[in-house]
Q: 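Shown below is the structure under consideration.
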Amino acid sequence: MSAAIFNREEFQHPDDGWYQIEPKGTHPNRPAAVDQVIDDTACSAIVNRFNADVDARKLPQGRELLIDHEHFKDQPDQETIAYGWLQRLQNRADGIYGQIRWTDVGQAAVDGGNYRFFSSEYDPKDLVNLGGTPPRVRPMRLDGLTLTNMPNNKGGKPITNRAVARGSHPADAADPRGAQLGAAILIDALAKAEHRSSGGSLASSYLRVMNR
C-alpha cells in the first residue's frame, strides 16, 4: 500500500491562490445549440456583478457561491455536497479568475487530481443575443460553478497542475511518516466522499479509492 501511495503524483495549486474559472473566447455549446462569447464585455459584467452581490450578500448562499460537482445541484435526485465556496472574482487578460474556499471534500478531490476543471453556469435570462447562426450569446452574470473533467468551454487552465512525484519530494524524503500520514488523510477524505455520492458500504468505498 505504501509503495502505491508514494508513487502517486501531487497536483500543484496556483501560487497566488486565484483559479481560472472561465477562459476568454467563443465556445460552442452543442447541447444548447449556441456559441458562448466570453469577451471583455462579458468578463467585466460577470466579475462586477458577482463582486457586488458578494458585498451586498445577495448570492443564494449569502457572500459565497456554492461549488458542487457535475452540476448536481440542478438535479433534484442528487446530493448537493459543497466542494468549495467561490468568494471573489477577478478580470484578467485571459479570462475570469476566482478565489475559492475549499471544503475538506473539495480539497481532497482537487489535491488528488480527481477533478481538474471548472464548468460555469449561466441563466438564459442573463444572456445577450448577439445574432448569427448558430446564435452567439454573451453571458452577463455567473449563476453557478461546478467541478468536472469534461468542461464545455475549452481552453481553460486546469485547477491543479502536475508537480513532482511524492516519492522524490525532499520534504517527503526527510519525513516519510509525515508524508504517509498525509496520504492516509487524503484517502480517508476521498473514501468518505465516494461513500456519500455512491452509497454502499464505507469499506467498499475505501477499496475503490485505494484501487484507483
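Since the model is a prediction, treat every value here as computed from it, not as a measurement.
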Q: Going by the rule ring-ring contact (aromatic ring centres under 6.0 Å, His included), which residues pair with Y97 if we only count those two or more places apart in sequence or in a different chain?
A: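 ring-ring contact (aromatic ring centres under 6.0 Å, His included) check on Y97 returns nothing, list empty.
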
Q: Cluster question for you: counting only ILVMFWY and a side-chain heavy-atom cut-off of under 4.5 Å, with indirect links fine, are F117 and Y19 together?
A: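 Per the 4.5 Å side-chain linkage, F117 and Y19 are not co-clustered.
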
Q: Sequence neighbours left out, what passes side chain to side chain donor-acceptor pair (under 3.5 Å) with D16? Give chain and number order.
A: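 If we apply the side chain to side chain donor-acceptor pair (under 3.5 Å) test to D16, skipping adjacent residues, the hits are R92.
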
Q: Under 3.5 Å, side chain of T26 to main-chain N/O of V37, donor-acceptor pair present?
A: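 No; zero donor-acceptor contacts below 3.5 Å.
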
Q: How are the rings of Y115 and Y83 set relative to one another: parallel (under 30°), tilted (30 to 60°) or perpendicular (over 60°)?
A: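 The arrangement is perpendicular - the two ring planes meet at more than 60°.
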
Q: Ignoring hydrogens, what is the shortest heavy-atom contact between P60 and L65? Give both atom names and the distance.
A: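 That closest heavy-atom pairing would be CD-CD1, 4.2 Å.
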
Q: Hey, could you give me the CG/CD distance between L145 and E121, rounded to the nearest 0.5 Å?
A: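 So the gap between those two atoms works out to 7.5 Å.
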
Q: For a quick test of reading the model, state the closest non-hydrogen atom pair linking N129 to P135 and the distance between them.
A: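 Taking every non-hydrogen atom into account, OD1-CB, 4.5 Å.
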
Q: With a 4.5 Å heavy-atom cut-off, do F118 and I159 have their side chains touching?
A: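 Side chain of F118 against side chain of I159, heavy atoms only: contact under 4.5 Å found.
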
Q: Is there a donor-acceptor contact under 3.5 Å from the side chain of N149 to the main chain of N114?
A: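 A pair under 3.5 Å: yes.
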
Q: Between atom CG of N29 and atom CG of D35, what is the distance when rounded to the nearest 0.5 Å?
A: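 N29 atom CG to D35 atom CG measures 8.5 Å (nearest 0.5 Å).
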
Q: Linking I/L/V/M/F/W/Y whenever any side-chain heavy atoms sit under 4.5 Å apart, do W102 and I21 land together?
A: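 Looking at the clustering, I21 is in the same group as W102.
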
Q: Is any side-chain heavy atom of D40 closer than 4.5 Å to one of K24?
A: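 SC-SC contact between K24 and D40 confirmed.
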
Q: Per the side-chain hydrogen bond (donor to acceptor under 3.5 Å, both in side chains) rule, which among N161, T160, D111 passes with H13?
A: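 It is D111, the one option of N161, T160, D111 that forms the side-chain hydrogen bond (donor to acceptor under 3.5 Å, both in side chains) with H13.
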
Q: With rounding to the nearest 0.5 Å, note down the distance linking CD1 in I96 to CD in E22.
A: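 So the CD1 of I96 and the CD of E22 are separated by 6.0 Å.
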
Q: Would a single hydrophobic cluster contain both M140 and L86, if residues Ile, Leu, Val, Met, Phe, Trp and Tyr are joined by side-chain heavy-atom contacts under 4.5 Å?
A: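 They do not share one cluster, since no chain of ILVMFWY contacts under 4.5 Å joins L86 to M140.
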
Q: Do Y122 and L142 come within less than 4.5 Å of each other through their side chains, counting heavy atoms only?
A: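 Side-chain contact under 4.5 Å: yes.
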
Q: With a 3.5 Å cut-off and sequence neighbours excluded, list the donor-acceptor pairs that the side chains of residues 49-58 form with protein atoms.
A:
from, atom 1, to, atom 2, distance (Å)
R49, NE, D53, OD2, 3.3
N51, OD1, L89, N, 3.0
N51, ND2, V47, O, 3.4
N51, ND2, L89, O, 3.0
D55, OD1, R88, NH1, 2.8
D55, OD2, R88, NH2, 3.4

Q: Looking at P134 and A33, what are the two nearest heavy atoms and their distance?
A: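 Distance-wise, the nearest heavy atoms are CB-O, 3.7 Å.
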
Q: Should D39 and R138 count as an ion pair when the cut-off is N to O under 4.0 Å?
A: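 Yes.
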
Q: For residues Q20 and D94, determine if any side-chain heavy atom of one lies less than 4.5 Å from a side-chain heavy atom of the other.
A: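 In short, these two side chains touch, coming nearer than 4.5 Å.
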
Q: How close do R30 and N152 get, counting heavy atoms only, and between which atoms?
A: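 Closest approach of R30 to N152, heavy atoms only: N-OD1, 4.4 Å.
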
Q: Is there a path of hydrophobic side-chain contacts, each under 4.5 Å between heavy atoms of I, L, V, M, F, W or Y residues, that connects V110 with L66?
A: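 The answer is no; the residues belong to distinct hydrophobic clusters.
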
Q: Could you check whether any side-chain heavy atom of C43 comes within less than 4.5 Å of a side-chain heavy atom of I38, counting everything from C-beta outward?
A: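 With C-beta onward as the side chain, the pair touches.
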
Q: Under 3.5 Å, is there a donor-acceptor pair between the side chain of S119 and the main chain of P151?
A: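 It does not hold such a pair.
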
Q: Answer yes or no: is there a side-chain heavy-atom contact under 4.5 Å between V34 and R136?
A: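 No, side chains not in contact.
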
Q: Heavy atoms, side chains only, cut-off 4.5 Å: are W85 and L59 in contact?
A: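 Side chain of W85 against side chain of L59, heavy atoms only: no contact under 4.5 Å found.
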
Q: Hey, are the side chains of P139 and I46 touching, using non-hydrogen atoms and a 4.5 Å cut-off?
A: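 Side chain of P139 against side chain of I46, heavy atoms only: contact under 4.5 Å found.
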
